[in-house]
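So the structure is just underneath, and the comments pick up after that.
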Amino acid sequence: QVNLVESGGGLVQPGGSLRLSCEGSGRGFSLASMGWYRQTPGNERESVAAIAVNGITHYADSVKGRFTISRHDAKKAVYLQMNDLKPEDTAIYYCFWFSGRRVWGQGIQVTVSA
């Protein structure tokens, strides 16, 4: 069993910053690829950023240069630093863990609005 818990979301003005955290737990948890997706009403969940065990990262074009993903394996955690936020970044953000199967967090709301 693997559990993921996100934190750090909220309301921020355009141009502002937020840092999302995701901590894993459970007997089934092991080092694996982790990352973030996001979803808005009526749309499919889309990939935002991912980081492999070896540290290789991948970003959606829409967030390159603004978002940074990192991980802390001892804490079983992955982070998403989001800078220069735009209203179109408003979404529910989901953390994931992938090791042959994908496990999702419960999701956390990020709202970018003046």
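The figures here come from the full heavy-atom set of this structure, side chains too, leaving out hydrogens, waters and symmetry mates. None of these values were measured; they are calculated from a predicted model.
The two residues Ala77 and Glu23 come nearest to each other via the heavy atoms CB-CG, 4.1 Å. Heavy atoms only, all atoms of each residue included: Ser47 and Ala60 are closest at O-CB, 3.4 Å. The heavy-atom pair separating Ser17 from Asn83 by the smallest distance is OG-OD1, 2.9 Å.
Contact of the Phe29 side chain with the Leu4 side chain is registered, since non-hydrogen atoms from C-beta on lie closer than 4.5 Å. Inter-residue side-chain proximity for Leu20 and Met82 is flagged as met; some heavy-atom pair is nearer than 4.5 Å. You'll find the side chain of Leu85 reaches within 4.5 Å of the side chain of Phe67, heavy atoms only.
Partners of Tyr37 under the ring-ring contact (aromatic ring centres under 6.0 Å, His included) rule, at least two apart in sequence or in another chain, are Phe96, Trp104.
A donor-acceptor pair under 3.5 Å links the side-chain atoms of Thr90 to the main chain of Val112, judged by distance alone. Not one N or O on the side chain of Gln81 forms a donor-acceptor pair closer than 3.5 Å with the backbone of Arg19.
Within the structure, every pair that satisfies the salt bridge (Lys or Arg N to Asp or Glu O under 4.0 Å) test and touches residues 34-43, not counting sequence neighbours, is listed here: Arg38-Glu46, Arg38-Asp89.
The one candidate from Ser33, Cys22, Ser21 that meets the side-chain contact (heavy atoms from CB on, under 4.5 Å) condition with Val78 is Cys22.
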Open item on the list: As a quick check of understanding, evaluate side chain to side chain contact (heavy atoms under 4.5 Å, CB included) for Glu6 and Gln106, giving each step before the final call.
Closed with: CA-CA 7 Å; Glu6 299 107 332; Gln106 80 283 1; 2.6 Å; yes
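Note on Tyr59: it does not cluster hydrophobically with Tyr94, by side-chain heavy-atom contacts below 4.5 Å among ILVMFWY residues. Grouping the Ile, Leu, Val, Met, Phe, Trp and Tyr side chains by contacts below 4.5 angstrom, directly or via other members, places Leu80 apart from Ile92.
With a 4.5 Å cut-off between side-chain heavy atoms of Ile, Leu, Val, Met, Phe, Trp and Tyr, the cluster of Tyr79 takes in none.
Here the OG1 atom belonging to Thr57 is positioned 11.5 Å from the CZ atom belonging to Arg71, to the nearest 0.5 angstrom. Met34 contributes atom CE, which lies 11.5 Å from atom OG of Ser99 (distance to the nearest 0.5 angstrom). Annotation: the span from Lys76 atom NZ to Leu31 atom CG amounts to 9.0 Å, rounded to 0.5 Å.
Annotation: Glu44, atom CD; neighbour count of heavy atoms from other residues, nucleotides and ligands within 6.0 Å does not exceed 12.
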